[in-house]
Amino acid sequence: MKPFQYLRAGNLEDATRSAVSSENARYIAGGTNLLDLMKLQVETPELLIDIGRLPMETIMPHKDGIRIGALVSNSAVAAHKDVRESYPVLAKALLSGATQQLRNKATTGGNLLQRTRCSYFYDIAMPCNKRQPGSGCSALGGFNRMHAILGASDTCIAVHPSDMAVALTVLDASIETINDAGVNRTIAIADFYTDPAAQPNAESVLKPGELITAISLPPPPKGEQHYRKVRDRASYAFAVVSVAIAGNRAAMGGVAHKPWRAFQAEKYIADDRSAAVSADAELAEAKGYGHNDFKIPLARRLLTAALDGSFLPRDRS
Amino acid sequence: MPVRRHSYVSAYHSKAILTLLHGLLRPYACLNYGEYLLITRRPCVQGIDRRTAMALSGAVGVAAMMPDPVTASSSVGASAPQTVSVKLKVNGESQSVQCDARTTLLDFIRDHLRLTGTKKGCDHGQCGACTVAVNGDRINSCLSLAAMHDGDSIETIEGLAKQGKLHPMQAAFITHDGFQCGFCTSGQIMSAVALLDEHANGQPSHVTDDIADKAIELSDGEIRERMSGNICRCSAYPNIVAAIRDVAARR
Amino acid sequence: MTTRKMEGRFGENRLDYGGQGVLGKPIDRRDGVRKVTGGADYTADWRPAELLHGYLVCSQRGTGRVTGLRVADARRAPGVLAIYPRVPGLPDAASDGDILHPVPAAVKHIGAPLALVVAETFEQARAAALLVGIDYSGETQGRYSLIQEKSVARVPAPFLFGPDYVRGKKTTDDEFTSIDATYTTPSQSHAAMEPHATVAQWENDSVTLHVSYQMLNRGRQLLARVFGIPEERIRLISKFVGGGFGGKTGMSVETVFAAQAARLLGRPVKVVMTRRQVFTATSRRSETIQKIVLRARPGKGLEQIQHRSVVANLPGEVFWEPPGVGTMNMYASDSLEITHRIADLDLVRAGMMRAPGEGVGMLALEVAMDELAEKVGKDPVAFRIECEPEVDPLDGKPFSSRSMVQCLQEGADRFGWAKRHRLPGARREGEWLIGMGMAAAIRLNIFDQSKARVSLSKDGRVEVETDLTDIGTGSYTVMGQIAAEMLGVPMDRVTVALGDTNLPLSAGSGGSWGASSTGTAVFIACEEIVGMIAAQLKVSPKHLKLKDGKAIVANKSFEMVSLLPQGGLEAVGNAEPGSNYQTHVQSAFGAHFVEAAVSSLTGEVRLRRMLGVFDVGRVMNMKLARSQLIGGIIFGIGGALGEELVVDQRHGHFVNGDLGEYLVPVNADVPPIEVHFLDTLDDWSNPIKSKGIGELGISGSGGAIANAVYNACGARCRDFPLSPDRIWAAIP
């Protein structure tokens, strides 16, 4: 871990202004992902701004939905009564990810900004466009079993690792931010993540210094909510493929650089097409890279089952 | 013709192929002192005292040679390490320590407070051996900086037994043999203790059938899922579950 | 010192008629309180004054040469005291030590340690280590795939076994009664929870090394050669070892770096490997390709067994994984052919990992047996019973003891095997297909030379001393139980000192031999002490009963302490292997049963329950023995379902060299597990009449899982691990 200046921000203004004062600043809240990467020197911030004590730690249900502060821990979100009752897909997605220890520490904002688990991204001896633009993508010709089948480009085929973000996507969440000028903006989650083709190192539309303050959810859609995650062991593993369902909306995890909203399939279902045809439509453009070819039929089966409600929403017998 | 079986015993005692070794007392068979360590096979220093060694190692210091394709990309040096002062409570005792800002909570507990019951199994939040409670919540202390915990209250394995009496969970781990090598045990027990509180507070888990349920039964399946953040390679898992079940039943 | 070789049949002894009644009892671990309170000190917990911290710099290339290390930036980094390159002659990784590579500049594999950066603090050393630049030359395409190298595999030199065993000839050729299949198992990592670590401290010309080793004596011999100093000047201490599983046999590379730095800097140095370094700079289990041919006899039993394995190692290593070792002694057949071939791979050395051989070999053999049983329409349990040999199938020697059939029968009864559907896919619960599978288990019983000192003091306390380690095996407890039983004292009067080469030297922990070998040394020492007490009372030891600190002859009872000389009594037992290995084949046995659910949608497996019945001779501590068997069984879950060290075929990089991606089982993967022991004694193994248990659980458990998966859904996967995608693709 490289030396850095540690600064505990006293307020939002402090935090955002400090962040733009340095070329290489990072906010730290939970730290569960950032410190992991800093130890390997994948991340080498010169200024670390601890925002952990800023007042963004509340969950506020209101008549038009619910607002979750950026610093609310993943476990607190999952345990919240209103989340469990009205947005069970969010609670389920959170609980399927990581472990209680990590969820206690990881924050809502940080989870959205989690970086990929691609092994080549993690190994600084390997070329990686995400880590070092222009150096190449090692996963393309390497071991890519966990990699993307949708929306990827030859610059980067890494997947976004978050389960939470898949649920937020299916719930049409929006992300509230503030910048160093004190200007707030609200970004729909569908617009939040950027495509890897042009800038694989930039993963979201956030500008330098821009800080996530909260996530807002509209009222839940009518209908059932489920989250089904396929992984290689029963717990404490990242998704191979996951699917979230909320009413007539669907999203997938483990398949792309971002939580993948199945807009195409939703449209087909709305047109009264069968679940299988709708899932096929969603995956029409899917592309495998060798080791991850199996993800395409797996995603198709999961999505089909999810869309026609035929599978038990449990990953255990 | 088949070769006859060798016993392990004879194999272990067979003095197989041994190559010539340069001893520790002649370790510098390979150095050109300077900013660059050139590795050769030619012995050049026979025996070395501490002062010479210090002087030699201190001599290293001019500019780098060819750029390395791997490390050249990461900028060198940056800022000097910052020292921070951290005040927190550990097992009820106030502690105030100066440390490198890079010090994780885990290393702070182990190296600065000398509470070595908390273990470093992976240092990346992938095993759970470093689990401690911060303000009542269990976390991986390896993925947190000490500086981030200024003012917090930490509980480690050393704080569980009170007045020389084991915490019921500690006793149950012994009774049910919830460990073998013992390296993950501190983390397992810290998790197990926290688990009971989390369950009592109505927190659901991944295996909770009805996520909105407020009175979740602490089944073995629930215990297993909630303990899955603590890896035990000796695999005392069924015994750990038995220990927790036992303590839960007595609560 | 009294030496006794393992020769001849062991008759009744004090452990059979002993008065104290503690041996075999489910006594809690003696080190339990320390372990549950954080008071057990593992290597990295040692913190002598003036301690310095070292951090290893490892190769990022898999082939070629390192021409130099650019250390200018690292040297300037705050807190750095020195940077030391490898000692010439240092092996690439943790080594069993039979090959030590003399050329330090040649890169043998990615992750090979090249240098140590020493600084005042851990944070400083870690940061500086990443500033070291490494110059390489002559990089070539390395060899990373056993499948590709299989064609150039060669006959290995005998190591623990010879490569080839052939007996009898096959007579018929009928495809309807035979299985001819190839199974592959991937490279695996021991992944003990405690990373390899050393704290080195010199005093004058002697060094004390706190290490995490399974076998101190062996480690010291190797270190003495590397350091070029006599063994007497090296003291190794491992009071607690955070798991080993074979990955901490021999010596470990960070020990040498730490000792070197501590010597030159005149201060103690601690080096702890990072988790990634443990994956790439210690050792691993070889990948295997196993071709098995089994041919059923027209009536019953087996006509032919052929088990051909190809394994890998780093060039120059002498160890090779022997998957066929269990097959040698397993089933009766008219012809038996076992071969091993080895190919070079430019990967960190393949070493011994829990049950070298059986750990992966029985996975293949027992799946093949299941396949054959199905093909010839027989129940897998009944078929195995048909194939049970009366004597060792390889050379006709008697078994020292063998209750395989009882394990199978009792296991089937207890498990409810009769309820199994014969046809796959017959039982469905919604998305989930449910099935049952079983497999047999065998693990060689090994004994190695060990010493222990036992003293009985005037205050009635017993002390057992040996350099044996407790790596979770329960040595602290079991050695005490043997002494308590032999000397007739309660357990609370016995202390056990372990893990220090200043104590009598043993074979250490590994190969499941620890408890039997060193336990026998304790037995021998105790026998001698009993003899002295008996002599004092002028009776034969046989007529002397010892219980609760009393010596009882006929109806007279004496306080034992009153019979002791002023200085108490002390004896050193030296247990040595003997001719029993030539006269008898010694193995432990078992049978595994599994119920598994497989998702018809995703191929995910959820185990529902497991059960094993085992023949291990005398059980020294029922509680601890059960735990070890459970641990081995769960190791088998990992091998069957999750563990695979993935290598990037382009440059030999371990794609998943951490605990986040190398998937060892977590609690949620593990179903309820029942373990039962047959009440057996082995009269030819050692005077305790015990057999090793630490590795028996893994033998076959993965095979039983694979067979249950097949019975559940009809997916017969021969490439391990059985990941959801592999299973789903194989569902008919």
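Proteins get letters first, then strands, A, B, ... in listed order; numbering begins at 1 in each. Please read these numbers as outputs of a predicted model, since none were measured by experiment. All heavy atoms count here, side chains included; hydrogens, waters and symmetry mates do not.
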Taken to the nearest 0.5 Å, the spacing of C/Met193 CE from B/Asn230 CG works out to 8.5 Å
Is there a donor-acceptor pair under 3.5 Å between the side chain of C/Arg47 and the backbone N or O of B/Arg110? no
B/Asp100 versus C/Phe122: any side-chain heavy-atom pair under 4.5 Å? no
Let me know if C/Phe240 has heavy atoms under 4.5 Å from chain B in its side chain, its backbone, both or neither. neither
Closer than 3.5 angstrom, by distance alone: can the side chain of B/Ser228 be matched with the main-chain N or O of C/Ala668 as a donor-acceptor pair? yes
Taking all atoms of both residues into account, what is the closest heavy-atom pair of C/Lys35 and B/Gly182, and its distance? CD-CA, 3.8 Å
Tell me, side chain or backbone of B/Ile231 under 4.5 Å from chain C's heavy atoms, or both, or neither? both
Between C/Asp45 and the options B/Lys119, B/Arg114, B/Lys120, the salt bridge (charged side-chain N to carboxylate O under 4.0 Å, His left out) test singles out B/Lys119
Looking at C/Ile634 and B/Ser235, what are the two nearest heavy atoms and their distance? CG2-OG, 3.2 Å
Non-hydrogen side-chain atoms of C/Ser627 and B/Phe179 separated by less than 4.5 Å: no
So, the part of C/Pro78 with a heavy atom under 4.5 Å from chain B: the answer is side chain
Let's test your reading of the structure: which of C/Arg126, C/His190, C/Arg167, C/Glu661 forms the most heavy-atom pairs below 4.5 Å with chain B? C/His190
Carboxylate-amine/guanidinium contact B/Asp123 C/Arg275, below 4.0 Å: no
For the atom pair CG (C/Leu659) and CZ (B/Arg233), what is the distance rounded to the nearest 0.5 Å? 8.5 Å
Answer with side chain, backbone, both or neither: which region of C/Ala44 has an atom nearer than 4.5 Å to a non-hydrogen atom of chain B? both
Side chain, backbone, both or neither: which part of C/Arg276 has an atom under 4.5 Å from a heavy atom of chain B? neither
Hey, what do you get for CD1 (C/Ile630) to CG (B/Asn239), rounding to the nearest 0.5 Å? 5.0 Å
Any chance you could measure C/Leu624, atom CG, to B/Asp177, atom CG, to the nearest 0.5 Å? 4.5 Å
Given a strict heavy-atom distance threshold of 4.5 Å, which part of B/Asp107 is in contact with chain C: side chain, backbone, both, or neither? side chain
Could you go through the salt bridge (Lys or Arg N to Asp or Glu O under 4.0 Å) check for B/Arg224 and C/Asp669 one step at a time? CA-CA 8 Å; B/Arg224 285 198 283 266; C/Asp669 291 306; over 6 Å; no
Using non-hydrogen atoms and a 4.5 Å limit, figure out which bit of B/Leu115 sits close to chain C: side chain, backbone, both or neither. neither
Check whether B/Asp220 gets within reach of chain C through its side chain, its backbone, both or neither, counting any heavy atom under 4.5 Å. neither
